[in-house]
Amino acid sequence: MTGSLLATSDLHVGYAENRAVVDRLYPGSADDWLIVAGDIAERFEDIARVLRLLSERFAKVVWAPGNHELWTPTDDPVQLRGDARYRAVVELCRSLGVSTPEDPYPVWTGPGGPVAVAPLFVLYDYTFRPRGTTTKADALAAAYAAGVVCTDEFLLHPDPYPDRDSWCRARLAVTEARLAALDPAVPTVLVNHFPLRRDPTYVLRHPEFALWCGTEHTADWHRRFNAAAVVYGHLHIPRTTRTDGVPFHEVSLGYPREWAPRGAPSPLRRILPATPAPPVAVRPAPRFAVRL
């Protein structure tokens, strides 16, 4: 097997510019796999169109959900909420041969392999709290006072769970058990829409937004589960950093207004075979962060 293990996220094809980029997205080799780390779109029909297009072009597509796939926009004919919406996208993926967090983790045996490619869905639990706050209530009050409130609070419904942090706890338990059952001799590529560690959020222009960016409970998963690499999105700050020698790749395409500071959009990042990453200037996230 030849080819590359590639990754992208935050395609947001509701924007015409993003849709044009995705429509021109092709593999470099017939053996290329593509990781899609969430936020394809918000409307169900757009999610389906993009997954169908990518599954027809790439040898294998692996999907982890972002918060936007879980939104229930009022103008979407598909009005499923919470876990039911997530399960509907999972069934869509399965019909297209796309791997999801509910399926056996596929093993990449191409250059840099073998590695188990593990798409995760663990959400967030409001533990990435702003300085000076110690509880979820205090943290949310600080965010509202600063005018930094994620759209998830209005469109990402936790049904049937009482709140999003309860859903997160349930997902943590399921996901941790699945990862612990893997063969420890086979390295992993951990894929989650939200960063597994808090460190990447320290460069956010609005630190309050970190509340909607992950959970402290996954901070050591790259060590516990033998990660060769970690892939995430959500922050729209594409770069590669290293923690404990493990590369953490933020692979967002992001919104058109964010492209100018970093030049032409690069929707695909190569994860394997690994190559030394070029230096990346760390820029604060844009002021439009509350919709992420």
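Asp163 CG to Lys136 NZ: the interatomic distance, rounded to the nearest 0.5 Å, is 4.5 Å. With rounding to the nearest 0.5 Å, the separation of CG in Leu53 from CG in Leu96 is 11.0 Å. Once rounded to the nearest 0.5 Å, the distance linking CG of Leu235 with CZ of Phe209 reads 8.0 Å. Leu156 CG to Leu70 CG: the interatomic distance, rounded to the nearest 0.5 Å, is 5.0 Å. Taking OH of Tyr26 as the start and CZ of Arg57 as the end, the distance is 3.5 Å to the nearest 0.5 Å. To the nearest 0.5 angstrom, Leu172 atom CG is 7.0 Å from Thr218 atom OG1.
Side-chain atoms of Asp125 come within 3.5 Å of backbone atoms of Thr127 as a donor-acceptor pair (strictly under, hydrogens ignored). Remark: side-chain polar atoms of Glu208 are not paired, donor with acceptor, to backbone N or O of Leu140 under 3.5 angstrom. When atom types are taken as modelled, the side chain of Trp259 and the backbone of Leu253 share a donor-acceptor pair closer than 3.5 angstrom. Between the side chain of Ser29 and the backbone N or O of Asp31 there is at least one donor-acceptor pair closer than 3.5 Å. Checking side-chain atoms of Arg224 against main-chain N and O of Ala180 turns up no donor-acceptor pair under 3.5 Å. Ser252 places no side-chain N or O within donor-acceptor distance of the main-chain N or O of Gly254, the cut-off being under 3.5 Å. Thr188 places a side-chain N or O within donor-acceptor distance of the main-chain N or O of Phe225, the cut-off being under 3.5 Å. A donor-acceptor pair is defined here as one N or O able to donate and one able to accept, closer than 3.5 Å; such a pair exists between the side chain of Arg178 and the backbone of Asp103. Panel note: side chain Asn18, backbone Tyr255; no donor-acceptor pair is recorded below 3.5 Å.
With contacts defined as side-chain heavy-atom distances shorter than 4.5 Å, the pair Pro106/Val62 qualifies. The shortest distance between side-chain heavy atoms of His193 and Asp10 falls below 4.5 Å. Within the 4.5 Å cutoff, no side-chain heavy atoms of Trp221 are placed close to those of Asn192. Using a 4.5 Å cut-off on side-chain heavy atoms (C-beta onward), Thr201 and Pro207 make no contact. By the 4.5 Å heavy-atom criterion applied to side chains, Pro130 and Leu211 are counted as neighbours. Side-chain contact between His217 and Cys168 is absent, with no heavy atoms from C-beta onward closer than 4.5 Å. Side-chain contact between Ser4 and Pro111 is absent, with no heavy atoms from C-beta onward closer than 4.5 Å. Phe154 is listed as a side-chain neighbour of Val149, based on a closest heavy-atom distance under 4.5 Å.
Residues Ile40 and Ile47 share a closest heavy-atom pair of CG2-CA, 4.1 Å. Considering every non-hydrogen atom in both Cys213 and Leu204, the closest pair reads SG-CD1, 4.4 Å. The two atoms that bring Arg164 and Leu123 nearest to each other are O-CD1, 4.2 Å, heavy atoms only. Nearest heavy atoms, Tyr105 versus Ala118: CD2-CA, 3.7 Å. Of all non-hydrogen atoms in Ala219 and Arg197, the two that sit nearest each other are O-NH1, 2.9 Å. Here the closest heavy-atom approach between residue Gln79 and residue Pro73 is recorded as NE2-O, 2.7 Å.
For His222, the ring-ring contact (aromatic ring centres under 6.0 Å, His included) partners are Phe248, not counting sequence neighbours. Phe121 pairs by the ring-ring contact (aromatic ring centres under 6.0 Å, His included) definition with Tyr86, Trp167, not counting sequence neighbours. With sequence neighbours excluded, no residue forms a ring-ring contact (aromatic ring centres under 6.0 Å, His included) with Phe44.
Salt bridge absent: Arg129 and Asp138 never bring a charged side-chain N and a carboxylate O closer than 4.0 Å. Here Arg269 does not pair with Glu250 in a salt bridge; the nearest charged N to carboxylate O distance is not below 4.0 Å. A salt bridge links Glu102 with Arg87: the distance from a Lys NZ or Arg NE/NH1/NH2 to an Asp or Glu carboxylate oxygen falls below 4.0 Å. No salt bridge links Asp159 with Arg85; every basic N to acidic carboxylate O contact stays at or beyond 4.0 Å. Contact check on Arg270 versus Asp32 returns no salt bridge, with no Lys/Arg side-chain nitrogen under 4.0 Å from an Asp/Glu carboxylate oxygen.
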>> side chain to side chain contact (heavy atoms under 4.5 Å, CB included), that's the test. Do Tyr144 and Glu153 meet it? Break it down for me.
In response: CA-CA 11 Å; Tyr144 273 84; Glu153 293 294 310; 4.1 Å; yes
>> Assess the residue pair Arg49 and Asp23 against the criterion (side chain to side chain contact (heavy atoms under 4.5 Å, CB included)); give the C-alpha distance rounded to whole Å, side-chain angles, the decisive distance to 0.1 Å, and a yes or no.
In response: CA-CA 10 Å; Arg49 186 185 74 83; Asp23 286 345; 3.1 Å; yes
>> Pair Val189, Trp108 - check side chain to side chain contact (heavy atoms under 4.5 Å, CB included), show working.
In response: CA-CA 9 Å; Val189 171; Trp108 166 258; over 6 Å; no
> Step by step, would you call Asp199 with Thr241 a side chain to side chain contact (heavy atoms under 4.5 Å, CB included)?
Replying inline: CA-CA 10 Å; Asp199 316 37; Thr241 58; over 6 Å; no
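The six-membered or imidazole ring of Phe128 lies away from that of Tyr126, with a centre-to-centre distance of 6.0 Å or more.
Linking Ile, Leu, Val, Met, Phe, Trp and Tyr whenever their side-chain heavy atoms come within less than 4.5 Å puts Val78 and Val13 in one cluster. Linking ILVMFWY residues whenever their side-chain heavy atoms come closer than 4.5 Å, directly or via other members, places Val230 and Val203 in the same cluster.
Applying the side chain to side chain contact (heavy atoms under 4.5 Å, CB included) test between Pro162 and each of Ser166, Pro158, Pro160 identifies Ser166 as the sole match.
Judged purely by distance below 3.5 Å, without hydrogens or angles, the side chains of Glu69 and Trp63 pair a donor atom with an acceptor atom. Side-chain contact, Tyr124 with Asp152: a donor N or O sits under 3.5 Å from an acceptor N or O. Of the N and O atoms on the side chains of Arg52 and Ser55, not one donor lies less than 3.5 Å from an acceptor on the other residue.
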